[in-house]
Amino acid sequence: MSSAPLRSPTLRPHRMKKDESFLGKLGGTLARKKKAKEVSDLQEEGKNAINAPMSPTAIDIHPEDTLLEENEERTMIDPNSKEDSKFKELIKVLIDWINDVLVEERIIVKQLEEDLYDGQVLQKLLEKLADRKLNVAEVTQSEIGQKQKLQTVLEAVHDLLRPHGWTIKWNVDSIHGKNLISILHLLVALAMHFRAPIRLPEHVSVQVVVVRKREGLLQTAHITEELTTTTEMMMGRFERDAFDTLFDHAPDKLSVVKKSLITFVNKHLNKLNLEVTELETQFADGVYLVLLMGLLEDYFVPLHHFYLTPESFDQKVHNVSFAFELMQDGGLKKPKARPEDVVNLDLKSTLRVLYNLFTKYKNVE
């Protein structure tokens, strides 16, 4: 007897419970959408708080950037400022300078935030610049160890800078937190204090977005952060002199001053069959300055003390620095100008140097 074919069991829908009715499901869907929208709104609020409203370019943010404690604040550079040519130049000049200083250490810096935050490079840089050894661990991987090293390095920096009136715009947490603004302030101060043979771009400013958490809400503010002013102001020479006034308010008289100084220097350089026609360029390599000092003080300067035909920037800086030493030996105060400024064809710096010589030696035959 043949048996009836087996049928697959039929899955019968069970009766919906009250909360699984169509209206119940619709209500649950709406509730989930509302919750998802709240989460989305919260995330959007965090993004909007960090993104600069006036900037069409969004800032790359990390999730932790919106997770601030009450009264905590964070800062970040507006994306447009990062693309500013002078800002990029400032970073490049500083990186090249650090790499030049640390070339013997076989250290190569490529990115300031990533390479300087742990204190290792800053330690080596300060030791090289200040010619002193810091009592810190050479290598440390832990956050606590890195911050302890940073603390020691920054205290040594502060001891050097504070007596000269520098405003400290950085601390251990900001440097270790890879805050580029703080790192740049620190490097600019070090470069100026140690008279680095570089020319920093002047009047570099960036727009900074400051995010704060107040009463559970994120608040933003946009401020302008000044990274460099003029070379003279950054060197701490805030007092204005006659040349500032001359350049700012009486440029028509500048040619008269230049003519007087040219007459003065040629009166002496003509003795060596040398003649100056352009103050801006002919003193930039330091040779005429050295020879002029020998003539004014009536002595022969041995040729092995300076480069008679300098070719590199460093050789020219050496010559001008040597001329400055001769001036101080002759009783003059240390020139306000930096040797690097004279080499870089800064007319105001060159005029200041020559005017000091004119004031002292104008009656010398």
Side-chain angles (χ1 to χ4, degrees), residues 129-131 160-166 189-200 202 229-250 253-254 256-269 276 279-280 282-302 305-307 310 314 316-365:
L129 293 172
D131 193 23
L160 290 170
L161 298 182
R162 278 204 179 100
H164 298 277
W166 281 97
L190 287 175
M192 290 295 98
H193 177 77
F194 288 103
R195 296 175 175 262
I198 56 177
R199 187 80 175 176
L200 296 178
E202 298 185 341
T229 55
T230 64
T231 300
E232 289 186 345
M233 290 185 69
M234 289 186 290
M235 289 297 295
R237 300 189 296 270
F238 295 99
E239 69 278 6
R240 291 175 61 81
D241 60 15
F243 284 99
D244 290 305
T245 305
L246 186 68
F247 272 74
D248 294 344
H249 304 294
K253 296 181 180 179
L254 184 60
V256 177
V257 174
K258 290 170 65 177
K259 185 177 180 180
S260 298
L261 292 176
I262 287 175
T263 300
F264 163 69
V265 297
N266 280 336
K267 172 184 174 182
H268 300 281
L269 289 175
V276 170
L279 296 178
E280 296 97 321
Q282 288 182 269
F283 285 96
D285 63 6
V287 175
Y288 279 14
L289 276 179
V290 173
L291 297 176
L292 182 59
M293 280 309 302
L295 291 166
L296 293 173
E297 285 289 335
D298 194 24
Y299 56 69
F300 175 77
V301 181
H305 282 304
F306 67 104
Y307 298 94
D314 289 342
K316 295 175 183 179
V317 170
H318 169 85
N319 283 356
V320 178
S321 299
F322 178 55
F324 283 8
E325 292 176 11
L326 298 179
M327 293 174 196
Q328 290 175 266
D329 290 342
L332 287 168
K333 291 183 178 180
K334 186 176 183 179
K336 288 175 61 177
R338 299 188 313 154
E340 292 80 13
D341 297 333
V342 176
V343 175
N344 280 320
L345 309 179
D346 184 80
L347 177 59
K348 194 187 295 186
S349 297
T350 304
L351 291 179
R352 283 196 175 103
V353 173
L354 295 177
Y355 184 75
N356 284 343
L357 296 179
F358 172 77
T359 302
K360 180 176 175 61
Y361 298 104
K362 60 185 175 182
N363 295 323
V364 173
E365 294 299 329

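Not measured: the values here are computed from a predicted model. Sequence positions, counted from 1, serve as the residue numbers for this chain.
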Kindly determine whether Arg199 and Asp346 satisfy side-chain contact (heavy atoms from CB on, under 4.5 Å), including the steps that lead there. CA-CA 11 Å; Arg199 187 80 175 176; Asp346 184 80; 3.5 Å; yes

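In the displayed structure, Asp329 atom CG is contacted under 6.0 Å by more than 12 heavy atoms of other residues, nucleotides or ligands. The number of heavy-atom neighbours closer than 6.0 Å to NZ of Lys259, taken from other residues, nucleotides and ligands shown, is 12 or below.
What you find for Lys316 and Pro310 is that their closest heavy atoms are CG-CB, 3.9 Å. Residue Leu345 comes nearest to Ala284 through the heavy atom pair CD2-CB, 3.4 Å, listed as atom of the first residue, atom of the second, then distance. Across all their heavy atoms, Phe283 and Leu292 have their closest contact at CE2-CD2, 4.4 Å. Between Leu332 and Asn356, the closest heavy-atom pair is CD2-O, 4.0 Å.
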Distance-only donor-acceptor pairs under 3.5 Å for side chains of residues 318-327, two or more places apart:
from	atom 1	to	atom 2	distance (Å)
His318	NE2	His305	O	3.1
Asn319	OD1	Tyr307	N	2.9
Asn319	ND2	Asp285	O	3.1
Asn319	ND2	Tyr307	O	2.8
Ser321	OG	Val317	O	2.8

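With sequence neighbours left out, the side-chain hydrogen bond (donor to acceptor under 3.5 Å, both in side chains) criterion links Glu297 to Tyr361. Taking the side-chain contact (heavy atoms from CB on, under 4.5 Å) definition, one finds that Leu160 meets it with Leu126, Ala130, His193, Phe194, sequence neighbours left out. Here Asn266 pairs with Ile262, Asn270, Glu275, Val276 under the side-chain contact (heavy atoms from CB on, under 4.5 Å) rule; sequence neighbours left out. Under the side-chain hydrogen bond (donor to acceptor under 3.5 Å, both in side chains) criterion, Lys258 pairs with Glu280, not counting sequence neighbours. Under the side-chain hydrogen bond (donor to acceptor under 3.5 Å, both in side chains) criterion, Glu340 pairs with no residue at all, not counting sequence neighbours.
Taken to the nearest 0.5 Å, the CD atom of Gln282 stands 11.5 Å off from the OG1 atom of Thr350. One finds the OH atom of Tyr288 at 12.0 Å from the CG atom of Leu279 (value rounded to the nearest 0.5 Å). One finds the CG atom of Leu357 at 6.0 Å from the CE atom of Met293 (value rounded to the nearest 0.5 Å).
Using a 4.5 Å heavy-atom cutoff, the side chains of Leu289 and Leu354 are in contact.
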